[in-house]
Number of protein chains: 2
Amino acid sequence: MVTSERPAGSDRAGLTDALVQASFMTMAVLSRIGAEHDLSLTSLRVLAILRDRRLKMTDLADYLGLDQSTMTGLVDRAEKRGLLERLRNPTDGRAVDVRISPAGAELAQRLHADVVRSLAPMIDLLPRPEQRRLRTLLERMLTPS
Amino acid sequence: MVTSERPAGSDRAGLTDALVQASFMTMAVLSRIGAEHDLSLTSLRVLAILRDRRLKMTDLADYLGLDQSTMTGLVDRAEKRGLLERLRNPTDGRAVDVRISPAGAELAQRLHADVVRSLAPMIDLLPRPEQRRLRTLLERMLTPS
DNA sequence: TATTGTTATACTCTATAACTATA
DNA sequence: TATAGTTATAGAGTATAACAATA
């Protein structure tokens, strides 16, 4: 779970705990950066996802694992702040597309740079070659090739 | 000018992205497991933290990076469900200690096992020796030794 | 005076249920 | 009928400000 003690039964438990702990640390950084711009973790994610994509409300909700009604509120608030735009879907009259605005794209870029910069102190606790190894291992775990 | 070496900013960006992606994946698993027991990610964490510790409200809030007033509500709800107990702090009349209850400890153990089991499919995408390497790298990053 | 915790308040996030419009 | 999206509603999570009790 969160604590770092390892029940001496399974090998997997140790890696699980390390992964969970690293995740909470990462999320804390993302949360702080979001909060500095009045953005929740979810809004941060929406912005990141829409950086290079235009999606229907439904697809966005599926992507985030949220209900459609939740998406409505999220997009409402982001649109009101000028970060996103709602558009008519050209092929389905019921659907609504969401696209990032120029201001939103600019913010998203700044946020990403901020995340990289904020995680650097943690990452740099590893020497460069180990950083590369860690990245490779994580990517192999994320991409069931 | 401080950096005369090849800055490898893109190196760091790659690891950052992998770390963020792995974290979101991990958090999704934790959220789902929490939701199955009507627990938020934060409540899940509280339970995990108190598994082997008894803490003052303030220390708990600091640990989680939350305001004290937020802790009040979290502990209220968990206490009402019989998962935690409030206790008088023996040395400071203002302070309130929080301790996990027997029922809470039992649930926490079940949750931890659930997390290990749920992350196993992802973890097992790596062969065992690589799992050990990943764990070592993560722990080295988490523990500024 | 400073610290600990709670309460009051307000806003965001979230899901469920009911609704409208389109397919 | 089924799907896409919104609205209404309710509850949890969160912070800020004001407060009481204790140090």
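Predicted model, so just to flag it, every value in this text is computed and none were measured. Both backbone and side-chain heavy atoms feed into the values below; hydrogens, waters and symmetry mates do not.
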Grab the CD-P distance between A:Gln68 and D:dG5 for me, whole Å please.
6 Å
Does any N or O in the side chain of A:Thr70 come within less than 3.5 Å of the main-chain N or O of A:Leu66, such that one atom is a donor and the other an acceptor?
no
Name every residue in residues 32-62 of chain A that has at least one heavy atom under 4.0 Å from any atom of DNA chain D, in order of residue number, or write none if there are no such residues.
A:Lys56, A:Met57, A:Thr58
Quick one: label A:Gly93 by what it contacts on the DNA or RNA (base, sugar-phosphate, nothing), any heavy atom closer than 4.0 Å.
sugar-phosphate
Could you check which of D:dA17, C:dT4, D:dG5 has an atom nearest any side-chain atom of A:Ala95?
D:dG5
Are OP1 or OP2 of D:dT6 and a side-chain N or O of A:Thr72 less than 4.0 angstrom apart?
yes
Answer yes when B:Asp76 and B:Arg86 have at least one side-chain N-carboxylate O distance shorter than 4.0 Å, and no when they do not.
yes
On DNA chain C, compare the nucleotides closest to A:Leu66 and A:Asp92; which residue's is nearer the 5' end?
A:Leu66
Separation of D:dA15 atom C1' from B:Leu74 atom CG, nearest Å, is 13 Å
A:Arg86 side chain: which of D:dA15, D:dT6, D:dA12 is closest?
D:dT6
d(CG, B:Asn89; P, C:dT6) in whole Å:
13 Å
Under 4.0 Å between a Lys/Arg side-chain N and an Asp/Glu carboxylate O for B:Lys56 and B:Asp92?
no
Give a yes or no on whether the backbone of B:Leu126 and the side-chain of B:Gln131 come within a donor-acceptor separation of less than 3.5 Å.
yes
C:dT14, D:dA8, D:dT14: which one has an atom nearest the side-chain heavy atoms of A:Ser69?
D:dA8
In one Ile/Leu/Val/Met/Phe/Trp/Tyr side-chain cluster, 4.5 Å: A:Leu87, A:Val98
no
Are OP1 or OP2 of D:dG13 and a side-chain N or O of B:Thr70 less than 4.0 angstrom apart?
no
Counting only side-chain heavy atoms from C-beta out, which of C:dT6, C:dT4, C:dA21 sits nearest to A:Arg94?
C:dA21
In this structure, how many angstroms lie between the C1' atom of D:dA23 and the CZ atom of B:Arg88, rounded?
16 Å
Using a strict threshold of under 4.0 Å (side-chain N to carboxylate O), is an ion pair present between A:Arg54 and A:Asp97?
yes
Name the closest nucleotide to the A:Asp67 side chain, picking from D:dA15, D:dT7, C:dA15.
C:dA15
Expressed as a whole number of angstroms, how long is the span from B:Lys80:NZ to D:dG11:P?
12 Å
Classify the side-chain pair A:Thr16/B:Arg135 by whether it contains a donor and acceptor separated by less than 3.5 Å.
no
Take atom CE of B:Met71 and atom P of D:dT14, then tell me their distance rounded to the nearest Å.
9 Å
